[in-house]
Amino acid sequence: MSDNLVVIDHPLVQHKLSLMREKNTPSATFRMLLREISLLLGYEVLRDLPLTTKSIDTPLQEMDAPVLKGKKLVFVSILRAGNGLLDGLLDLVPSARVGHVGLYRDPETLQAIEYYLKLPEDMESRICIVVDPMLATSNSASAAITRLKQAGAQNIRMVCLLAAPEGVKALGEAHPDVKVYTGALDTHLNEHGYIVPGLGDAGDRMFGTK
Ligand code: URA
């Protein structure tokens, strides 16, 4: 569909995603599955991280061993649902920095309104992984990415669980340099901006708020 879209269609991702989509899946199970899927998504999203070598001693000999190169990664969570993907990614890269962008969708206009922003320093030299389970209209993701660029970020990737074609297209137009990684590309958005077939409101499903 888009050059900037990667659908991570690993069977384990698809299976866990189907469990998450089911409306009767309890919040605790939903959170556990989201954490598990984030490990699988993270594996793909981070597969081209630059490496360098470091001299180490194994019990047998000295060797030049591969280690991650450069400044640490930053995972940027779009509150609140982004935090569900964050935990698993931090399991993979415990030393990563974490930023938060607080955005809510105006229910009438579906536009993103910012209420919180906290980012680490040196954004220009970090690979930024923006996380939000649902890429629907992409208004929130697009606004968050604009803020990251204003803070200096130059290398940005977006990770979500589900994406809608409308959101992928809009994000590609607004930020053609940002690759989107998703567990599935669903069919469309409904009139309320929800992804169909989707899984409902990810934040509510995670926290049992509805
Ligand atoms: N946000 C959600 O949580 N779910 C959707 O379907 C769209 C946006």
Side-chain angles (χ1 to χ4, degrees), residues 1-14 16 34-79 81-101 116-133 135 138 140-161 163 168 171-172 174-185:
M1 141 160 207
S2 152
D3 286 351
N4 281 351
L5 181 70
V6 179
V7 179
I8 301 169
D9 57 357
H10 190 289
L12 285 173
V13 174
Q14 300 313 304
K16 290 175 192 295
L34 184 55
R35 189 184 186 114
E36 290 170 3
I37 291 183
S38 64
L39 297 172
L40 298 162
L41 299 180
Y43 178 83
E44 273 305 314
V45 174
L46 304 175
R47 77 154 50 242
D48 65 345
L49 284 186
L51 289 172
T52 183
T53 55
K54 168 184 169 191
S55 177
I56 62 163
D57 295 311
T58 79
L60 300 183
Q61 66 168 61
E62 191 186 334
M63 74 172 281
D64 288 330
V67 290
L68 293 176
K69 182 180 176 185
K71 282 263 184 197
K72 290 190 171 62
L73 289 169
V74 53
F75 297 129
V76 179
S77 170
I78 301 182
L79 297 173
N83 284 0
L85 283 173
L86 191 57
D87 293 340
L89 292 173
L90 282 171
D91 285 348
L92 287 179
V93 192
S95 61
R97 301 294 168 93
V98 178
H100 291 92
V101 184
Y116 185 77
L117 180 73
K118 190 79 180 174
L119 301 172
E121 291 183 338
D122 305 327
M123 289 294 287
E124 59 286 343
S125 49
R126 299 179 188 282
I127 297 174
C128 295
I129 313 289
V130 181
V131 297
D132 189 355
L135 188 72
S138 82
S140 303
S142 193
I145 289 167
T146 298
R147 297 295 275 120
L148 296 180
K149 288 182 176 175
Q150 286 167 352
Q154 294 165 13
N155 186 341
I156 303 175
R157 302 168 190 191
M158 171 83 211
V159 186
C160 56
L161 194 57
V168 173
L171 192 66
H175 298 288
D177 54 310
V178 175
K179 203 172 227 180
V180 176
Y181 296 80
T182 185
L185 182 65

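Using a 4.5 Å heavy-atom cutoff, the side chains of Asp177 and Lys149 are in contact. Here the side chains of Val98 and Lys118 are not in contact, with every heavy-atom distance at 4.5 Å or above. Counting heavy atoms from C-beta on, the side chains of Ile127 and Pro50 come closer than 4.5 Å. You'll find the side chain of Leu85 reaches within 4.5 Å of the side chain of Pro133, heavy atoms only. With contacts defined as side-chain heavy-atom distances shorter than 4.5 Å, the pair Val131/Val76 does not qualify. Residues Val93 and Ser95 meet the side-chain proximity criterion, which asks for heavy atoms closer than 4.5 Å. In this structure, the side chains of Ile56 and Val67 stay at 4.5 Å or more apart for every pair of heavy atoms. A 4.5 Å side-chain heavy-atom check between Tyr181 and Leu41 finds every atom pair outside the cut-off.
Judged as a salt bridge (Lys or Arg N to Asp or Glu O under 4.0 Å), and not counting sequence neighbours, Lys179 has no contacts. Listed by chain and residue number, Arg35 satisfy the salt bridge (Lys or Arg N to Asp or Glu O under 4.0 Å) test with Asp87 (two or more places apart in sequence, or in another chain). In this view, Glu44 and Arg47 satisfy the side-chain hydrogen bond (donor to acceptor under 3.5 Å, both in side chains) rule, not counting sequence neighbours. Shown here are the salt bridge (Lys or Arg N to Asp or Glu O under 4.0 Å) partners of Glu121, two or more places apart in sequence or in another chain: there are none. Taking the side-chain hydrogen bond (donor to acceptor under 3.5 Å, both in side chains) definition, one finds that Thr146 meets it with His175, sequence neighbours left out.
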- Evaluate the criterion side-chain contact (heavy atoms from CB on, under 4.5 Å) for residue pair Asp132 and Cys160; output intermediate values, then yes/no. CA-CA 5 Å; Asp132 189 355; Cys160 56; 5.6 Å; no
- Item | Criterion side-chain contact (heavy atoms from CB on, under 4.5 Å) on Leu34 and Leu161, from CA distance to verdict | CA-CA 8 Å; Leu34 184 55; Leu161 194 57; 3.6 Å; yes
- Message: Would Phe75 and Leu90 count as a side-chain contact (heavy atoms from CB on, under 4.5 Å) here? Give the steps.
- Response: CA-CA 8 Å; Phe75 297 129; Leu90 282 171; 3.9 Å; yes
- Does the side-chain contact (heavy atoms from CB on, under 4.5 Å) test come out yes or no for Asp122 and Arg97, once each step is laid out? CA-CA 11 Å; Asp122 305 327; Arg97 301 294 168 93; over 6 Å; no
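Across Gln14 and Gly183, no two heavy atoms sit closer than the pair NE2-O, 2.8 Å. Contact record, Leu119 with Ala151: CD1-CB, 3.7 Å, taken as the closest heavy-atom pair. In plain terms, the two heavy atoms of Ala144 and Val101 that are nearest each other are CB-CG1, 4.2 Å. Scanning both residues, Ile78 and Ala141, for their nearest heavy atoms gives CD1-CA, 3.8 Å. In terms of heavy-atom proximity, Val74 sits nearest to Gly99 at CG2-N, 3.9 Å. Contact record, Val7 with Ala184: CG1-CA, 4.1 Å, taken as the closest heavy-atom pair.
A distance of 10.5 Å separates CD1 of Ile37 from CD1 of Ile8, quoted to the nearest 0.5 Å. To the nearest 0.5 Å, atom CD1 of residue Ile156 and atom CG of residue Leu148 are 5.0 Å apart. With values rounded to the nearest 0.5 angstrom, Leu73 atom CG is found 5.5 Å from Leu49 atom CG. Between the CG atom in Asp91 and the OG atom in Ser38 there is a gap of 7.0 Å [rounded to 0.5 Å].
Checking each of Leu86, Thr182, Val130, Val45 against Val159 for a side chain to side chain contact (heavy atoms under 4.5 Å, CB included) leaves exactly one that passes, namely Val45.
No donor-acceptor pair closer than 3.5 Å links the side chain of Asn4 to the backbone N or O of Val180. When atom types are taken as modelled, the side chain of Arg126 and the backbone of Lys72 share a donor-acceptor pair closer than 3.5 angstrom.
Residue pairs satisfying the salt bridge (Lys or Arg N to Asp or Glu O under 4.0 Å) criterion with at least one member in residues 51-68, sequence neighbours excluded, are absent.
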